[in-house]
K.L.:
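Can you keep this structure in mind? I'll have questions shortly.
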Amino acid sequence: MIVTLSEHFSDMSAEELVSYSSAIQNLISAHAQGWHLFVPDRVTIGRIISDIPLSDIQRAVLTHYIQGRHADLMGQLRTVKKYVCCLPRNEPELELDECIIPTCLDRFDNLECCLKSELLVENATRDGVFYTTMARIWGAIGSSKLPLQFRTQNGGGDTLADELVRDAGACPPRLAVVDSDQRRPGGPLGGTATRAVTAMANVTDPLIHLIVTSARAVENLIPLSILKSALADDPIAVARIDIIEQILQYDHANGIILAESLVRFISLKKGVKFGDIRTCPPPFRARLVAYVEACGGQCNLAADNDASQDDVLVVAKCAVKSLEKTIALIVKDESAFEKQFRSHVENDSDRAFQNVIGEVIAYGMGGRRVPGAELLALHAA
């Protein structure tokens, strides 16, 4: 993440500033490693150089890689969705912009808190790779040219809630992105999301953040045009996406926002069960029935009170590997994908997908590790 200091550090006494030496030294070291970007204002940088005891290496990093590149670093700060602003001890939290995460600078006395941000997802090799890849592509479009620095961790099922709050108050910045598993707008959250929300209710650590997506699963956030390209070798999946696009056009024409549209809740890989329809309230049920019938499925609504058939599939599963195929599409030709994604970004009226990726960029914002040889040369100079 980008970490800055509040304006109060620039005018505090030398004695008081020195009391924060350990945290400031750790943040300089984190910048050198590329884990985070440490961006105090120019006046405070001057105060640090004159008042804080620094090693020759730390001084070289602060002088050449922070002070010397300050304009570029401030440019990065202005593009991110969120960044950390460190406050002095006992300073009451001010009314800050929503993009600012306030925390006491003492938090970074512990070098463990300065390690790479943690990205907690249900499946690191699928969800984690997808989110970080999309964030990198988004960065190439314009938000950030720097590499993302994450420790991506699995947290599926029962373990995510525990991992989310582990060592709260003494951990690196931590972002969790969890599927809602909702099957309709306003429907109940799935078990993983529910446990995560419950765990976060008692957490006051500002550097731990949970996102429960506005969609049933990761696949429901992927723009349909991109998903169709990824599944081009699966005619059944493509035909079903065409149906979803038609229903989406109907929704749009009738003023139904994307967050409440079928596209956010239909699962290609799980199909549709009779219970999904039976328990679904109108008017969403009508759109779900239209999808089922367009796919050739039968839904006997006369059996509305019969739960015995709830597990019967009325639309079969397909596109089980849709997320993996989307990742493969990106990797195969990133420049072509970037062009397609740019077009989607410029035309998409719903910001749910962009907001998730923006949070991933903010928490993963880091730099390139300063080469040891280069530091030694600066030291010698």
Side-chain angles (χ1 to χ4, degrees), residues 1-6 9 20-42 44-45 48 52 54-55 57-87 96 99-120 131-132 135-136 138-139 143-153 167-176 205-209 357-372 374-375:
M1 296 194 78
I2 293 180
V3 181
T4 188
L5 303 180
S6 80
F9 288 94
Y20 294 98
S21 292
S22 178
I24 290 173
Q25 291 162 356
N26 286 342
L27 287 170
I28 294 172
S29 296
H31 189 104
Q33 293 293 330
W35 299 336
H36 302 284
L37 298 179
F38 183 43
V39 193
D41 63 63
R42 290 187 182 275
T44 304
I45 290 175
I48 293 171
I52 299 290
L54 301 173
S55 70
I57 297 294
Q58 289 169 339
R59 189 174 300 276
V61 171
L62 182 61
T63 302
H64 294 275
Y65 291 94
I66 299 178
Q67 187 180 50
R69 300 180 181 179
H70 197 263
D72 290 339
L73 292 170
M74 288 301 297
Q76 293 298 127
L77 184 146
R78 286 190 288 269
T79 66
V80 293
K81 187 175 178 62
K82 288 183 179 177
Y83 63 90
V84 176
C85 180
C86 296
L87 308 175
L96 299 174
C99 69
I100 299 175
I101 303 174
T103 191
C104 180
L105 180 55
D106 285 335
R107 167 69 172 265
F108 298 105
D109 269 347
N110 181 356
L111 187 58
E112 290 289 319
C113 295
C114 299
L115 298 177
K116 291 180 183 180
S117 295
E118 297 173 355
L119 177 62
L120 188 60
Y131 285 127
T132 54
R136 181 164 49 80
W138 179 279
S143 294
S144 163
K145 298 296 183 183
L146 294 173
L148 296 177
Q149 300 287 358
F150 269 121
R151 291 191 294 172
T152 306
Q153 298 179 247
D167 299 327
C171 63
R174 179 179 295 153
L175 173 66
D205 185 344
L207 297 189
I208 297 179
H209 183 48
I357 300 304
E359 295 276 1
V360 174
I361 290 174
Y363 273 78
M365 179 70 72
R368 295 177 177 83
R369 185 176 184 273
V370 178
E374 192 169 335
L375 280 175

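Just so it is clear, the structure is predicted and the values come from calculations on it, not from any experiment.
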K.L.:
Within this structure, what is the CD1-CG distance for the pair Ile48 and Leu27, rounded to the nearest 0.5 Å?
P.N.:
9.0 Å
K.L.:
Might you work through the side chain to side chain contact (heavy atoms under 4.5 Å, CB included) test for Phe9 and Ile24, ending with a clear yes or no?
P.N.:
CA-CA 11 Å; Phe9 288 94; Ile24 290 173; 5.6 Å; no
K.L.:
To the nearest 0.5 Å, tell me how far Ile2 CD1 sits from Met365 CE.
P.N.:
5.0 Å
K.L.:
Test your reading of the model: is there a side-chain donor-acceptor pair from Asp41 to the backbone of Thr44, 3.5 Å cut-off?
P.N.:
yes
K.L.:
State the CD1-CZ distance between Ile28 and Phe108, to the nearest 0.5 angstrom.
P.N.:
13.5 Å
K.L.:
Is it the case that the side chain of Gln149 and the backbone of Gly367 share a donor-acceptor pair, with hydrogens and angles ignored and the cut-off at 3.5 Å?
P.N.:
yes
K.L.:
So which atom in Trp35 and which in Cys114 form the shortest heavy-atom distance, rounded to 0.1 Å?
P.N.:
CE3-O, 3.3 Å
K.L.:
What I'd like to find out is whether the side chain of Leu115 reaches to under 4.5 Å of the side chain of Pro172, using heavy atoms alone.
P.N.:
yes
K.L.:
About how many Å separate CG of Leu148 and NZ of Lys116, when rounded to the nearest 0.5 Å?
P.N.:
11.0 Å
K.L.:
Please examine the side chains of Ile66 and Ile45, heavy atoms only from C-beta on, and report whether any two atoms are closer than 4.5 Å.
P.N.:
yes
K.L.:
Show the nearest heavy-atom pair for residues Ile357 and Ala135, with the distance to one decimal.
P.N.:
CG2-CA, 3.6 Å
K.L.:
To the nearest 0.5 Å, how far apart are CZ in Arg42 and CE in Met74?
P.N.:
9.0 Å
K.L.:
Below 4.5 Å, heavy atoms only, C-beta onward: do Ile100 and Lys82 meet side chain to side chain?
P.N.:
no
K.L.:
Look at the side chain of Thr63 and the backbone N and O of Ala60, then say whether any donor-acceptor pair between them is shorter than 3.5 Å.
P.N.:
no
K.L.:
Please test Asp109 against Ser22 for side chain to side chain contact (heavy atoms under 4.5 Å, CB included), starting from the C-alpha separation and ending with a verdict.
P.N.:
CA-CA 5 Å; Asp109 269 347; Ser22 178; 3.5 Å; yes
K.L.:
Check this for me: does any side-chain nitrogen of one of Arg174 and Asp205 sit under 4.0 Å from a carboxylate oxygen of the other?
P.N.:
no
K.L.:
For side chain to side chain contact (heavy atoms under 4.5 Å, CB included), just list the numbers for Leu37 and Leu73, CA-CA rounded to whole Å, side-chain angles, deciding distance to a tenth of an Å, and then say yes or no.
P.N.:
CA-CA 8 Å; Leu37 298 179; Leu73 292 170; 4.2 Å; yes
K.L.:
Under 4.5 Å between any side-chain heavy atoms of Leu54 and Gln25, yes or no?
P.N.:
yes
K.L.:
Could you check whether any side-chain heavy atom of Leu5 comes within less than 4.5 Å of a side-chain heavy atom of Phe38, counting everything from C-beta outward?
P.N.:
yes
K.L.:
Measure from the side-chain N and O atoms of Arg107 to the backbone N and O of Cys171, and report whether any donor-acceptor pair falls under 3.5 Å.
P.N.:
yes
K.L.:
What distance separates His64 NE2 from Arg59 CZ, expressed to the nearest 0.5 Å?
P.N.:
11.0 Å
K.L.:
Could you walk me through whether His36 and Ser117 pass side chain to side chain contact (heavy atoms under 4.5 Å, CB included), step by step?
P.N.:
CA-CA 8 Å; His36 302 284; Ser117 295; 3.3 Å; yes
K.L.:
When you compare the side chain of Cys86 with that of Thr4, does any pair of heavy atoms fall below 4.5 Å?
P.N.:
no
K.L.:
Would Asn26 and Ser29 count as having a side-chain donor-acceptor pair, cut-off 3.5 Å?
P.N.:
no
K.L.:
Given side chains that start at C-beta, do those of Lys81 and Ile361 come closer than 4.5 Å, heavy atoms only?
P.N.:
no
K.L.:
Please find the pair of heavy atoms, one from Cys113 and one from Ala170, that lie closest to each other, and give the distance.
P.N.:
SG-C, 3.5 Å
K.L.:
Would you say Ile101 and Met1 make side-chain contact, with heavy atoms under 4.5 Å?
P.N.:
yes
K.L.:
So, the side chain of His70 versus the backbone of Val39: is there a donor-acceptor pair under 3.5 Å, distance only?
P.N.:
no
